[in-house]
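Have a look at the structure below, then the notes.
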Amino acid sequence: MEERYIPQKVELKWQKYWSEKGLYSTLADPSKKKFYCLEMFPYPSGEIHMGHARNYIIGDVIARYKRMCGYNVLHPMGWDAFGLPAENAAIKHGVHPAQWTYKNIDYMKKQLNRMGLSYDWEREVTTCSPGYYKWNQWFFLKMFERGLAYRKNSFVNWCPSCATVLANEQVIDERCWRCESLVVQKELEQWFLKITHYAEELLKGCEELKGWPERVVSMQKNWIGRSTGVEVDFRIDGMDENIRIFTTRQDTLFGATFVCLAPTHPLVERLVPESKKGDLSKLKERYGRMDEKMGLFTDFYAINPMNNERIPIFIANFVLMEYGTGAIMSVPAHDQRDFDFAQKYGLPIKVVIVPEQKSSASGVSSHTPPLSPPLVKGGNGGVDSELQPMNLELTEAYEGEGILVNSGQFSGLRSDIARERIAQFIEHKGIGISVTNYKFRDWGISRQRYWGTPIPIIYCERCGIVSVPERDIPIVLPENVKFTGKGGSPLLESEKFINTECPKCGSRARRETDTMDTFVDSSWYFIRYCFKKGEIDLDSELRTQNSELSYWMPVDQYIGGIEHAVLHLLYSRFFIKVMRDLGLIGFSEPFQNLLTQGMVIKDGAKMSKSKGNVVDPNHMIEKYGADTLRLFSLFAAPPEKDLEWSDKGIEGAYRFLKRLWGIVYKNKFEIRNSKFEINNISNLQTSAMSLYRKTHQTIKRVTTDIEREYHFNTAVAGLMELVNEIASFESKTSASGGEDRATLRFAVERVLLLLSPFAPHIAEELWEALGNTPSIVEQRWPDWDEEVAKEERVELVIQVNGKLRSRLLIPVGISDDEIKEMALQEQKIKEIVGGRTIKKVIVVKGKLVNVVI
RNA sequence: GCGAGAGUGGCGUAACUGGUAGACGCGCUGGACUUAGGAUCCAGUGGGGCAACCCGUAGGGGUUCAACUCCCCUCUCUCGCACCA
């Protein structure tokens with residue numbers, strides 16, 4: 001009697017079994033090699049979507065595979081539980097954010113378990129629990145002590161819809177990363193973490209991230225945005241003031257023909273005459289707008305310290321106060337933006353760099369060779385007039401490197417050398433310094449919302465800013481607050497929360513009401529997983545020698561979406577470096593290997609409710625079972641690529657499992673009753689031998705496919721091939737003889753072992769059906785025999801002049817000369833070669849022969 | 001503009017260091033079993049041609065006995081950053 005494959009029945013049975021046996025519970029054990037497999041934890045929004053499912057399936061396969069390979073595997077899961085949606089739900093439906101969040105967690109946890117994911121739930125982390133966020137506050141206090149957390153007044157990104165501040169990393173195309181509202185600039189007192197203190201190390205550390213995808217590393221480098229140059233003082237003519245500018249192109253200093261200040265530059269008020277104040281405010285309105293470049297002449301001039309030229313000072317809307325010094329020198333001949341500006345306002349353009357040698361001059365029309373003799377001569381003295389004819393030829397700026405001309409003592413030098421010399425010169429003369437600038441800013445963490453970690457700070461009327469003493473944390477969120485949705489954090493209205501005493505002087509004081517960015521929570525959650533559940537004293541845990549932390553960390557394999565390339569992944573690296581400098585840990589990078597899985601798309605677009613192309617993993621599990629869902633999402637594309645969802649494709653995966661099920665049940669008794677061992681492979685019939693060989697080959701293939709960049713798609717394809725072969729073997733032989741049965745059993749059992757990381761439930765069920773003791777989870781990953789895996793005979797390809805002309809079956813191990821002879825004797829080849837002379841015969845061992853005529 | 005990556009059948013994809021292009025799956029075609037099948041099984045399936053053969057990995061050059069793979073040029077697409085001085 002053939003039993004039917006009912007995946008849901010099978011899956012629930014084994015999920016119950018695994019959980020009862022606690023098979024995925026892990027303990028640190030220094031005698032075993034460890035493997036920390038981590039997937040980015042979800043925000044408990046209420047539903048696991050296909051993107052989550054794919055992420056966690058990939059992670060689960062890795063965890064299960066490594067476990068079978070004998071590693072002590074840490075595979076935890078938790079909840080990134082603070083955040084706005086909970087608060088919005090509270091405003092909309094009157095549910096407390098905690099209630100909403102915990103309800104979602106409950107449900108989503110069931111969903112994860114229903115997928116058969118092998119988590120150690122005893123390490124579950126929920127970031128909104130005081131036992132967790134206490135340590136956010138603790139880290140904050142440690143940073144505050146060291147000046148790594150500080151408060152300042154600044155313009156910040158403000159999302160009007162979320163009514164809160166956003167970090168630079170959370171603004172995408174001038175919009176909020178969460179709700180896509182247009183972000184505005186607002187001046188606020190904010191708490192910042194000094195991530196720029198680690199700018200250089202975060203950048204250098206990128207070189208160590210060997211196990212990370214290129215593009216993530218380059219995105220981080222890009223984001224940090226290091227550039228080196230000089231700051232130089234330009235004296236203001238007729239005023240005892242300097243304008244300090246920043247440039248990376250000090251080799252073009254002699255070509256500066258005007259200076260531009262940001263509209264918010266401190267000197268602006270003094271430089272702009274009353275009569276032009278109106279124009280100035282217009283300019284300010286257009287600050288930061290990319291469409292139009294606007295300038296305003298101040299009536300003042302600056303002195304170029306290199307050549308003492310008197311050059312006009314402008315205010316320009318495109319100069320950013322936030323970067324460099326908020327002032328620039330403009331070199332229209334060698335910067336396109338300055339060039340456009342100079343054209344618009346009729347300012348002089350002075351060439352000081354010419355392309356080296358013949359290289360086709362961009363910006364200089366071709367009939368005027370850039371290195372024409374008069375120009376070179378003029379280079380010594382810096383006589384403008386000699387350059388005038390050239391200027392007429394300029395159609396655009398030449399931004400490349402080259403040879404300096406018209407640059408005093410530096411003329412004739414190459415750009416790179418000139419940059420060094422000029423930097424030295426400037427420092428020597430005391431008119432400036434060499435500097436390194438970074439594009440990224442300190443991390444603003446203040447959020448004007450309720451559902452987050454309270455910042456442990458007290459404002460005392462007498463003492464000012466006072467940190468909460470460590471013994472008083474956690475500062476717990478008050479539960480009894482109102483969610484009106486009307487401006488401001490509910491904490492502002494909680495008198496009980498706000499009013500407190502100064503821990504220093506005891507006088508009346510107010511608590512900070514801002515909470516922390518939730519990215520603080522996720523910057524170290526992987527550290528927390530290293531310890532089992534329950535309240536822990538992280539401080540003393542971290543200080544204990546041989547703590548679990550030093551056993552498990554760093555994470556061996558991290559899996560998650562590319563969207564965190566510069567957010568979470570950068571913040572976590574920062575946190576780890578801070579912890580190291582606090583003497584808490586002994587390593588500098590949290591994640592050894594990073595796998596960024598592709599998106600799940602349907603009909604050419606990312607799944608989204610608005611597009612109506614969402615496929616719910618729940619429905620797929622109801623219809624086909626979790627094993628099928630897992631198998632399909634692994635098979636349809638390699639993990640790092642986007643996965644195109646196909647309703648038909650998942651049926652193929654289902655069919656495959658049903659087929660395997662059918663084969664096993666059909667031969668259940670024959671297999672059970674066969675003696676397992678194949679003592680002597682020479683006893684095997686040809687068909688049995690070929691199945692036996694295919695089995696070994698498949699073990700090898702699946703193993704190497706997993707080891708090599710986690711190519712699960714081809715690993716699954718290999719399993720399908722083997723199952724196809726098993727099917728035809730069993731239908732031909734009816735598994736009659738003893739050796740045949742043994743071979744069949746061998747093949748089927750290997751398939752189950754190899755399949756178990758991908759489709760663990762069916763593997764368990766069939767493993768048991770064949771008379772084995774559960775659990776397959778505890779089985780070792782199978783080995784293969786290289787000798788057996790080798791083909792006895794191979795098909796030799798015979799080419800003539802590189803074109804395939806014939807094939808020949810040859811035994812393995814015959815010599816090149818014999819192969820050559822066989823190829824030349826082959827009827828077809830003889831015909832083609834005819835009477836022509838053979839120039840050369842190339843033999844590739846075991847593969848092909850190419851006859852060149 | 002800068003940086004990263006990708007272009008292979010009708011579709012998802014495969015081909016490790018250059019060595020049989022299209023494994024595996026979907027779809028499609030034909031057949032078998034069926035009252036029926038969107039179940040299952042068998043056979044076929046890059047294009048052209050009756051055939052021998054010819055043509056095919058975005059396009060064009062090149063290196064090589066041999067190129068999806070290496071080099072040069074062009075085109076297209078995706079992603080990230082972008083007034084950063």
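Throughout, protein chains are lettered first and strands after them, A, B, ... in sequence-line order, and every chain is numbered starting at 1. Just so it is clear, the structure is predicted and the values come from calculations on it, not from any experiment. These numbers come from the heavy atoms of this one structure, side chains and all, not from hydrogens, waters or symmetry mates.
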Let's test your reading of the pairing rules: Watson-Crick or G-U wobble, both distances under 3.5 Å, then write RNA chain B as a dot-bracket string with ( ), [ ], | and dots. (((((((..(((......[....)))((((((.......))))))(((....)))..(((((..]....))))))))))))....

Using the P atom as the point on both nucleotides, what is the distance between rA58(B) and rA15(B), in whole Å? 16 Å

With under 30° as parallel and over 60° as perpendicular, where do the rings of W443(A) and Y571(A) fit, or are they tilted in between? parallel

Integer angstrom distance from the C1' of rU76(B) to that of rG25(B): 28 Å

Within the structure, does a side-chain N or O atom of R655(A) lie under 4.0 Å from either OP1 or OP2 of rC26(B)? yes

Roughly how far apart, to the nearest Å, are rU8(B) and rG3(B) at atom P? 25 Å

Are OP1 or OP2 of rG19(B) and a side-chain N or O of K803(A) less than 4.0 angstrom apart? no

F632(A)-Y624(A) aromatic ring centre distance below 6.0 Å: no

L203(A) and R226(A) have their tightest heavy-atom pair at CD2-CD, 3.2 Å

Against the side chain of A636(A), the closest entry in rA23(B), rG12(B), rG3(B) is rG12(B)

N713(A) side chain near rG12(B) phosphate (N/O to OP1/OP2, under 4.0 Å): no

P spacing across the pair rC65(B) / rA14(B), given as an integer number of angstrom: 32 Å

Taking rC24(B) as the reference, what is the distance to rU35(B) when you measure between their P atoms (whole Å, please)? 34 Å

Please lay out, stage by stage, how D442(A) and T196(A) fare under the test side-chain hydrogen bond (donor to acceptor under 3.5 Å, both in side chains). CA-CA 6 Å; D442(A) 279 338; T196(A) 55; 2.6 Å; yes

rC65(B) base to N850(A) side chain: any donor-acceptor pair below 3.5 Å? yes

P spacing across the pair rG59(B) / rC11(B), given as an integer number of angstrom: 15 Å

Would you indicate, yes or no, if rC53(B) has its OP1 or OP2 atom less than 4.0 angstrom from a side-chain nitrogen or oxygen of K828(A)? yes

Can the ring centroids of F635(A) and F656(A) be said to lie less than 6.0 angstrom from one another? no

Rounding to the closest angstrom, what is the interatomic distance between rC53(B) and rA43(B) at atom P? 27 Å

For rC84(B), does OP1 or OP2 lie under 4.0 Å from any side-chain N or O of Y438(A)? no

Counting the atoms with a prime plus P, OP1 and OP2 as sugar-phosphate, which does N724(A) contact under 4.0 Å by heavy atoms, base, sugar-phosphate, or nothing? sugar-phosphate

I'd like to know whether E200(A) forms a side-chain hydrogen bond (donor to acceptor under 3.5 Å, both in side chains) with Y438(A), so could you lay out the CA-CA distance, the side-chain angles of the two residues, the decisive distance to 0.1 Å, and finally the verdict. CA-CA 9 Å; E200(A) 195 57 42; Y438(A) 300 93; 2.2 Å; yes

Between F258(A) and Y345(A), ring centroids under 6.0 Å: no

Pick the P atom in rC71(B) and in rG22(B), then give their distance to the nearest Å. 25 Å

By nearest atom, which of the nucleotides rC24(B), rA85(B), rC81(B) is closest to the R337(A) side chain? rA85(B)

